[in-house]
Amino acid sequence: MSQPVSETVSLLEGEANAPLLQIRDLEVGFETQRGIVPAVRGVDLTLYAGQTLAIVGESGSGKTTTAQAIIDLLPGTGKVTGGQILFEGRDLTKLSAREIQAVRGNDIGYVPQDPMSNLNPVWSIGFQVEEAIKANNIAQGKEARLRTIQVLKEAGLSDAADRLKQYPHQFSGGMRQRVLIGIGLSSRPKLLIADEPTSALDVTVQRTILDHLATLTRDYGTSVLFITHDLGLAAERAEQLVVMYKGKVVESGPSQEILANPKHPYTQRLVAAAPSLASRRIQSVKHQAPDEAEIFSEGSLDDALLARAAEREHAAPTKDLISVKNVSKMYRIRKQGFRHDELLAVNDVSFGVQKGTTTAIVGESGSGKSTVAKLILQLESITSGEIEFDGQDVAGLRGSELLKFRRRVQPVFQDPYGSLDPQYSVGNTIAEPLLAHKIGTAKEREARVRELLDQVSLPSATRFRYPSELSGGQRQRIAIARALALKPDVLVLDEAVSALDVLVQGQILNLLTELQTDLGLTYLFITHDLAVVRLVADNVCVMQKGRIVEAATTDEVFDNPKELYTQELLAAIPGGDFEFGR
Amino acid sequence: MLWYTGKRILQMIPVFFGATFLIYFMVFSLPGDPIAALYGDRPPAPGVIEIIRAEYNLDKPFIVQYFLYIAGLFQGDFGTTYSGRPVADVMAQAFPITFRLAMLALAFEAFAGILVGLIAGLRKGKLFDATALVVSLLLISVPTFVVGFVLQLIFGVQLGWARTTVSSAAPWGELILPALVLASVSFAYIVRLTRASVADNLNADFVRTATAKGLSRRRVVTVHVLRNSLVPVVTYLGVDLGSLMVGAIVTEGIFNINGVGGVVYRAVTLGEGPTVVSFIAVMVIIFVVANLLVDLLYAALDPRIRYAK
């Protein structure tokens, strides 16, 4: 295990520049009936005043647990079982409940991950900010109110004074995160722990928020401990990196250095799998000599993708399998009484999808991209326009015709936890579409389930297991197997890899490309992640506020974006400006 | 909010007519002749039954009976019992007693139930929690009359702290012990409901954030855990108010209280349509009003509901 570079620096500089936070050999475990299960196993890190340090790792790596241990926020039965957490020389693990309470908020601020669940829904925004200000004795009474407005304004809510009485559900995700940042910084803490502060947000919102956070912490001289699973984001936002894997620090040091020259195999895999980086390589391959391409195409992921990219170059254009013509969708939103508002979720959208290709629809949340998916799947009816599938208008389909259509167009949804029935075994889940369409005997169905599990690279014994026993990636494989059960022509993938860790995401994308080549599938890929788009899509439609603002081949959109909005989206990909090695 | 309340009050109209109609129909369909039953084994002089039947409109078709009853209702006439007493008198005597009993029970189960449930939820898995779970399970599974007789024996007979039976005026003090018995099952449910809700909310992200803000444990629990946990409890209390009024029959029987339960029970066995329907109609109104109050309280507790309307 490599020691943090900064520690040597501290030895040289001596007492004059003592670290703000120094974690030594920290061990955290969770008590279970079978004894203590370790989650963090001997973590060391050092953070100096004014510095930003990022802990990077996949879910389950212990990065969040490490952060929570600092201010004693460990959930449930978690507790520190060894090591020291020195904050300004004081060991936080030895403090009493009352003493740590004084440190929280005052000395160490905290910005949590999910803005949707981290504000209490039953108290107003103003109340929740003011509460923090009063608890830390920053101000009382009328002054506290003024200070609340000031804090929220600093966090980027310009109309704060008017919105104090509003409740969290009246705020968007980005605005709630601003509120949480405001709360975290309200007492001008010396250290701010930001646990995935923007991973639940759109990429453009993410950027504004992180920029703002960076400005604030620089102005106040606050040190930031940044927790993220996104290597690109970490590289862009932090000077120092700590890479965690299975509860241990596997690599640490200056960000640029680690990314340019990752030493530990796990870090190397992380760097290789980060889609924003990988896509860059594929692009370069296309314009480079084949022997140079060899250097880059070590992983199987790259191989498959490269092979496909080459194939596509030669593919001759055919007739559109799906053709969307001037489609609009209007929602009526009920207001007080009998009045209602009309919301044009999809506005005059037209595009075509050729057989065997992948078309990506990208946009922020609220851009109407998921609605387009629902319209094509016939889960919602279109207000005007026309959708043709294989030369047939799908809007008028009824009864057995509709059933036949559904058999050929299958969805895979974002949340691998929510889209599988926890009471159904994997085998039953995959066989369900077959049963619904009355295909085959019980024996044939079982054979098909085995075949499908094989296609998604899962052992056939998986069919006896239940969703709760499987990981996110395995569940998404099962969702894909279920979608493939009816041998469809088209898969509509609605944010199908967005909830997955970067390594798992790479595996699933690889699987999807393999399946596309083997089965001649057509994909409609709905996503907000442009990095993923570049990996898999042939064509891209960029949506904004219900309209398609730009539609072209993937290369054209990435190399030569015409619309300002597309350029903004591209610029917002974290880590896009970095040079990475392997 | 005003619009919403008005809408809910308007909704009470069909509920009122539907409920009274159904109950009237059910009482009408009961087998046996209520007037003949009044005379037992010795039949009265011929013609007497016909006269009585005419007096109570029992000779008319069901639908006419119902409308005559409703028409009377709107003139403030609840009808008369078969023994000749105005139903309004009976109600004026019985309802206040049952109301006092139900209120005492409701107050007990709400305060004690939420308090015990909160402590159990905060100390999940500890001794207090385990005891609360066992005791509440016991209260739920043992029938009310057993709890009633046991408490009557302990507090009424052996300790002599309370009267074993309640006098006909039924003052507040005498109703405390019956109220405890009446509330026992609901108390157990509220303990369990609050406990689960509190334990759930303790793990909520916003509670962790509140702790991270530097708030004291006490403030986190009272401000961020308790209020959020009360929403399901309040729903239960609202529904329970109705069943406390109706379900007091057993408790009233044990402590010999002249409340609503006993009157309705006797009226049903005698097939006295107007009495049964009048009592039930009032209960329906109490039930609907209680539900309205719950919904308003709901909105006060949870702004998401308030603004969705």
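Just the heavy atoms: all of them, side chains too, but no hydrogens, waters or symmetry mates, feed the values below. Chain letters run A, B, ... following the sequence lines, proteins first, then strands; residues in each count from 1.
Contact of A:Ile193 with chain B is not made at all, since no heavy-atom distance falls under 4.5 Å. The part of A:Asn136 that comes within reach of chain B is its side chain, from C-beta onward, which places non-hydrogen atoms under 4.5 angstrom from that chain.
Interface residues of residues 192-212 of chain B toward chain A, defined by a heavy-atom distance below 4.5 Å and sorted by number: B:Asp205, B:Phe206, B:Arg208, B:Thr209, B:Thr211, B:Ala212.
Note on A:Pro75, A:Ser117, A:Pro112, A:Ser187: by heavy-atom pairs under 4.5 Å with chain B, the leading option is A:Ser117. Among the candidates A:Ile108, A:Ile71, A:Leu119, A:Ile133, the residue making the largest number of heavy-atom pairs closer than 4.5 Å to chain B is A:Leu119.
At most 12 heavy atoms of other shown residues, nucleotides or ligands fall within 6.0 angstrom of atom CZ in B:Phe25. At most 12 heavy atoms of other shown residues, nucleotides or ligands fall within 6.0 angstrom of atom OH in B:Tyr189. Shown here is A:Glu143, whose CD atom has no more than 12 heavy atoms of other residues, nucleotides or ligands within 6.0 Å. For B:Phe99, the CZ atom sits in a loose shell: 12 or fewer heavy atoms of surrounding residues, nucleotides or ligands are nearer than 6.0 Å. By the 6.0 Å contact criterion, CZ on B:Arg123 is open, its count of non-hydrogen atoms from other residues, nucleotides or ligands being 12 or less. The neighbour count for A:Arg147 CZ, taken as heavy atoms of other residues, nucleotides or ligands under 6.0 Å away, is above 12.
A:Ala135 and B:Gly214 get closest at one heavy-atom pair: CB-O, 4.0 Å.
Contact annotation: the side chain of A:Gln101 never approaches that of B:Arg217 to less than 4.5 Å [non-hydrogen atoms, C-beta and beyond]. By the 4.5 Å heavy-atom criterion applied to side chains, A:Glu131 and B:His224 are counted as neighbours.
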